[in-house]
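Okay, structure first, notes after.
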Number of protein chains: 2
Amino acid sequence: MHEPAAAAAKPYHHGDLRRALLDAALTIIERDGPAALTLRAVAREAGVSPAAPYHHFHDKNELMSAVAKDGFRRLNEAMANAVKESGPGELGLAYVEFAHANPALYRVMYDCARSAETFPEQSEKEHDGLELVKQAIAKAAGGKINELDLELTAIAAWSSVHGLAEISRFDKCAPLKELLGGERAFIKAVLEHAPMFLATKREH
Amino acid sequence: MHEPAAAAAKPYHHGDLRRALLDAALTIIERDGPAALTLRAVAREAGVSPAAPYHHFHDKNELMSAVAKDGFRRLNEAMANAVKESGPGELGLAYVEFAHANPALYRVMYDCARSAETFPEQSEKEHDGLELVKQAIAKAAGGKINELDLELTAIAAWSSVHGLAEISRFDKCAPLKELLGGERAFIKAVLEHAPMFLATKREH
DNA sequence: TTTCGATCTGGACGGTGCTTAGATAACACC
DNA sequence: GGTGTTATCTAAGCACCGTCCAGATCGAAA
């Protein structure tokens with residue numbers, strides 16, 4: 001429509017401030033952590049007044065949600081790449097490694113998802129992480145799995161990796177990581193031990 | 001040392017303000033949600049000036065941590081009760097149900113744990129939730145499980161229930177809950193499906 | 001009784017999310 | 001090209017936040 005190149009000598013009207021605000025938010029998140037992610041800081045980073053963002057987002061929460069949505073998009077991208085490059089067996093590892101590589105973003109993502117009690121949906125199936133998990137499970141089951149079991153299993157899998165993504169950062173896990181020779185090995189080991197605890201569920 | 005009964009006509013020196021502040025924090029969390037949990041609101045609720053809490057907690061974070069620690073104590077208590085009343089097979093259910101019964105508290109608990117990157121330890125083993133999980137797993141395995149496998153399995157179990165506690169609140173799960181006839185049934189079903197997704201991990 | 005240290009108040013500082021009023025510039029139309 | 005319309009941005013201000021400080025209050029040791 002207009003874009004005057006989005007640079008050079010602040011032309012009062014920014015051109016694409018919405019995009020610039022999202023970029024600024026990501027910069028702040030990665031540089032200063034999620035606590036520093038204030039609306040005013042984002043505006044400052046983008047070089048505009050504190051009130052400017054309100055013409056592009058209804059409130060702070062809406063900006064955060066947009067950041068979160070972008071984060072989920074990137075997460076799903078990482079998962080899709082993992083399937084393409086290493087097969088569906090690496091899905092869980094890719095998930096946890098994304099969360100560890102972008103801890104502040106991951107936190108903002110779930111903070112938003114929690115308060116909205118909703119999960120950013122991706123329009124195309126091949127870019128929806130949960131859909132990828134379902135496909136992997138269906139493939140592993142040789143197609144012989146009904147829809148209900150598939151849904152429940154996918155949620156169980158998502159729960160496991162999300163829980164592990166959060167818990168593995170606690171210092172309680174540090175000795176195990178060292179023992180196993182690195183975070184990656186630790187994550188793999190835990191994910192492979194997930195079925196064992198189910199034994200305690202069967203025997204009652 | 002002194003306690004003048006902690007009631008009746010504000011005697012300038014409160015008597016046990018520290019305890020009163022923690023109680024006030026819990027009241028606010030349950031009544032107004034985690035976003036309303038400000039230091040000033042806690043002081044207001046306890047009927048003291050905004051600066052009073054600083055004589056009992058170094059800063060807001062320290063107050064939150066105390067609340068979180070209390071929360072983990074109650075969670076572990078709930079888990080211990082579940083084992084006593086229904087056997088170790090109900091541990092996961094008890095965990096998720098606690099998180100759902102106290103959503104705001106649960107959120108504060110993990111917010112604190114995350115920022116400290118540490119997990120409030122409980123001094124006595126019989127009151128440590130992770131210890132309960134280990135015992136349940138060891139019992140289910142008939143004692144034939146080495147220490148490493150036990151640790152990894154316990155972390156996998158904790159990851160699953162923590163993840164499920166968060167994810168099951170998303171509206172994506174609502175249709176499944178309805179289909180299965182309630183949240184409790186849904187949680188049980190997901191926990192029982194956890195092993196199936198592991199199939200996708202084996203076949204590579 | 002005097003002193004002392006712990007506890008609490010009132011007031012202040014900078015930072016926050018958000019609102020309102022007004023300045024600025026890009027666009028659509030004549 | 002001149003005109004008005006509309007979206008965008010700024011400046012100023014509101015109430016609230018976490019935190020600090022000087023001083024009032026009080027319990028207990030000396």
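Here is the naming used below: chain letters follow the sequence lines, and residue numbers restart at 1 for every chain. Any value given below was found using the heavy atoms of this structure, including those in side chains, with hydrogens, waters and symmetry copies removed.
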If you restrict it to nitrogen or oxygen atoms, what contacts under 3.5 Å exist between nucleotides 16-18 of chain D and the protein, and what is each distance?
residue: D:dC17; atom: OP1; partner: B:Thr38; partner atom: OG1; Å: 3.3
residue: D:dC17; atom: OP1; partner: B:Arg44; partner atom: NH2; Å: 3.4
residue: D:dC17; atom: OP2; partner: B:Arg44; partner atom: NH2; Å: 3.4
residue: D:dG18; atom: OP1; partner: B:Leu39; partner atom: N; Å: 2.7
residue: D:dG18; atom: OP1; partner: B:Lys60; partner atom: NZ; Å: 3.4
residue: D:dG18; atom: OP2; partner: B:Leu39; partner atom: N; Å: 3.1
residue: D:dG18; atom: OP2; partner: B:Arg40; partner atom: N; Å: 3.0
residue: D:dG18; atom: N7; partner: B:Arg40; partner atom: NH1; Å: 2.3
residue: D:dG18; atom: O6; partner: B:Arg40; partner atom: NH1; Å: 2.9

Inter-residue atom distance B:Phe98.CZ - B:Asn76.CG, 0.5 Å rounding: 9.0 Å
Interatomic distance, B:Arg73 atom CZ to B:Lys69 atom NZ [nearest 0.5 angstrom]: 10.5 Å
Set of ring-ring contact (aromatic ring centres under 6.0 Å, His included) partners for B:Tyr110, sequence neighbours left out: B:Phe72, B:Tyr106, B:His162
Listed nucleotide nearest any side-chain atom of A:Ser49, set D:dC9, C:dC8, D:dT10: D:dT10
Presence of A:His58 side-chain N/O under 4.0 Å of C:dC18 phosphate oxygens OP1/OP2: no
Watson-Crick or G-U pairs under 3.5 Å in DNA chain C, rendered as dot-bracket with [ ] for crossing pairs and | for another strand: ||||||||||||||||||||||||||||||
Listed once per pair and sorted, the salt bridge (Lys or Arg N to Asp or Glu O under 4.0 Å) pairs that draw on residues 92-106 of chain A, sequence neighbours left out: A:Glu97-A:Arg184
Name each donor-acceptor pair under 3.5 Å that joins a side chain in residues 24-36 of chain A to protein atoms two or more places apart or in another chain, with its distance.
residue: A:Thr27; atom: OG1; partner: A:Asp23; partner atom: O; Å: 3.0
residue: A:Arg31; atom: NH2; partner: A:Glu45; partner atom: OE1; Å: 3.0

Expected output: side-chain B:Asp171 to main-chain B:Ala174 donor-acceptor under 3.5 Å: no
Roughly how many Å is it from [atom1] in [X] to [atom2] in [N], rounded to a whole number?
{"X": "A:Asp16", "N": "D:dT8", "atom1": "CG", "atom2": "C1'", "result": "13 Å"}
{"X": "A:Leu21", "N": "D:dT8", "atom1": "CG", "atom2": "C1'", "result": "12 Å"}
{"X": "A:His55", "N": "C:dT24", "atom1": "NE2", "atom2": "P", "result": "15 Å"}
{"X": "A:Phe57", "N": "D:dC9", "atom1": "CZ", "atom2": "P", "result": "11 Å"}

Residues A:Ser160 and B:Ser159: side-chain donor-acceptor under 3.5 angstrom: no
Pairing residues for A:Ala51 by the side-chain contact (heavy atoms from CB on, under 4.5 Å) criterion, not counting sequence neighbours: A:Ser49
